[in-house]
Colleague: 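Have a look at this one before I ask anything.
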Amino acid sequence: MGKKAVDIANLDVTKLIQLLNEALAEEWLAYYQYWIGARLMEGPMRSEIEPELLLHATEELGHAELIVNRIIQLGGTPILNPDKWKQFAKCDYEEPTDPYVKEILNQNLAGERCAIQRYQDLAEYTNGKDHSTYQIVITILNDELEHEHDIEDWLTDLKRLEDDIKKIRI
Ligand SMILES: [Fe+2]
Ligand SMILES: [Fe+2]
């Protein structure tokens, strides 16, 4: 644990560690949501979207690493048992029972929007008080915003494809 790291954080460190552990749980669930969804996915544009979803998955794992390092630096204990992931996470894990590409993307989109809110809240909590955590949180927030945008673009393209197919039928 970094004693000075704790001293200079001008906020409730115990609460911050709790919030970071919640974010850590969410990142693991987001990682699995992308990772399993990419493999099950069926439908148009699969070959383009699948590698991108796997890239998002890798980035979620990178976020988990940034968070876990900060928790340890602050003298906290990261979640040690995966049983706690669902318990800590405020963002839902949605079981991908329907492999249609649009359903998979919508599940991931809901996860991204929840993550954006999580890091927005963490940014507000740490802004001007704990510069190090703030910087980490902003880095992750920017990635989550990019993820949301990627998914929205694919959904727009899928919608356009569906509309074009409908026109051909008429
Ligand atoms: Fe993430
Ligand atoms: Fe994300």
Side-chain angles (χ1 to χ4, degrees), residues 15-41 43 45-74 76-127 130-159:
K15 187 183 167 191
L16 177 62
I17 290 167
Q18 169 66 25
L19 295 173
L20 290 173
N21 259 323
E22 289 173 14
L24 176 63
E26 287 159 7
E27 291 294 352
W28 273 104
L29 293 175
Y31 168 76
Y32 193 68
Q33 183 100 56
Y34 272 120
W35 185 86
I36 196 72
R39 284 170 166 81
L40 294 168
M41 204 170 60
M45 292 162 56
R46 173 170 54 173
S47 54
E48 276 172 68
I49 296 174
E50 187 186 327
E52 293 295 322
L53 292 189
L54 290 173
L55 187 67
H56 283 201
T58 306
E59 286 169 349
E60 307 304 4
L61 209 52
H63 299 162
E65 195 178 335
L66 287 172
I67 294 168
V68 94
N69 287 341
R70 187 61 185 148
I71 292 173
I72 293 167
Q73 215 171 48
L74 288 167
T77 306
I79 291 177
L80 299 176
N81 191 328
D83 279 354
K84 297 227 171 99
W85 287 346
K86 290 268 290 183
Q87 201 183 308
F88 273 60
K90 300 279 192 304
C91 302
D92 272 345
Y93 173 80
E94 293 185 52
E95 209 175 320
T97 46
D98 181 348
Y100 187 56
V101 57
K102 211 162 91 178
E103 296 306 316
I104 299 285
L105 288 175
N106 276 322
Q107 289 179 334
N108 289 325
L109 185 60
E112 289 300 342
R113 288 179 175 159
C114 185
I116 288 167
Q117 192 59 54
R118 158 70 66 199
Y119 293 107
Q120 176 70 23
D121 293 347
L122 267 166
E124 279 165 17
Y125 190 62
T126 53
N127 190 16
D130 175 353
H131 307 302
S132 177
T133 306
Y134 180 75
Q135 197 183 38
I136 292 165
V137 161
I138 294 299
T139 301
I140 301 177
L141 176 62
N142 283 326
D143 281 353
E144 310 300 14
L145 290 167
E146 214 176 283
H147 290 170
E148 183 199 35
H149 193 209
D150 286 345
I151 298 173
E152 284 173 347
D153 279 353
W154 292 320
L155 285 168
T156 302
D157 290 351
L158 280 169
K159 172 87 176 53

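When a ligand or atom number is given, it counts from 1 through the structure's own listing order.
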Colleague: Please work out which of the three classes, parallel, tilted or perpendicular, describes the rings of W154 and H56, given edges at 30° and 60°.
Modeller: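 Geometry flag for W154 against H56: tilted rings.
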Colleague: For A123, is there any backbone N or O sitting under 3.5 Å from a side-chain donor or acceptor partner on N127?
Modeller: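 Not confirmed, N127 side chain does not pair with A123 backbone.
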Colleague: Please check if the number of heavy atoms outside E65 that lie under 6.0 Å from its CD is greater than 12.
Modeller: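 No, not enclosed.
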Colleague: Kindly confirm whether the Fe ion (ligand 2) is within less than 2.8 Å of some N/O/S atom in E148?
Modeller: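 No.
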Colleague: Within the 3.5 Å criterion, strictly below it, is a donor on Y34 or E112 matched to an acceptor on the partner's side chain?
Modeller: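 A donor-acceptor contact under 3.5 Å links the two side chains.
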Colleague: Mind listing the protein N/O/S atoms less than 2.8 Å away from the Fe ion (ligand 1)? Waters don't count.
Modeller: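 Listed by chain and number, the nearby protein N, O or S atoms are E27 OE1, E27 OE2, E60 OE1, H63 ND1, E144 OE2.
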Colleague: With no hydrogens and no angle check, is any side-chain donor or acceptor of R39 less than 3.5 Å from a backbone partner on W35?
Modeller: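 Side chain of R39 to backbone of W35: a pair is present.
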Colleague: For T126 and L122, work out which heavy atoms get closest and say how close.
Modeller: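 In this case the closest contact between T126 and L122 is OG1-O, 2.8 Å.
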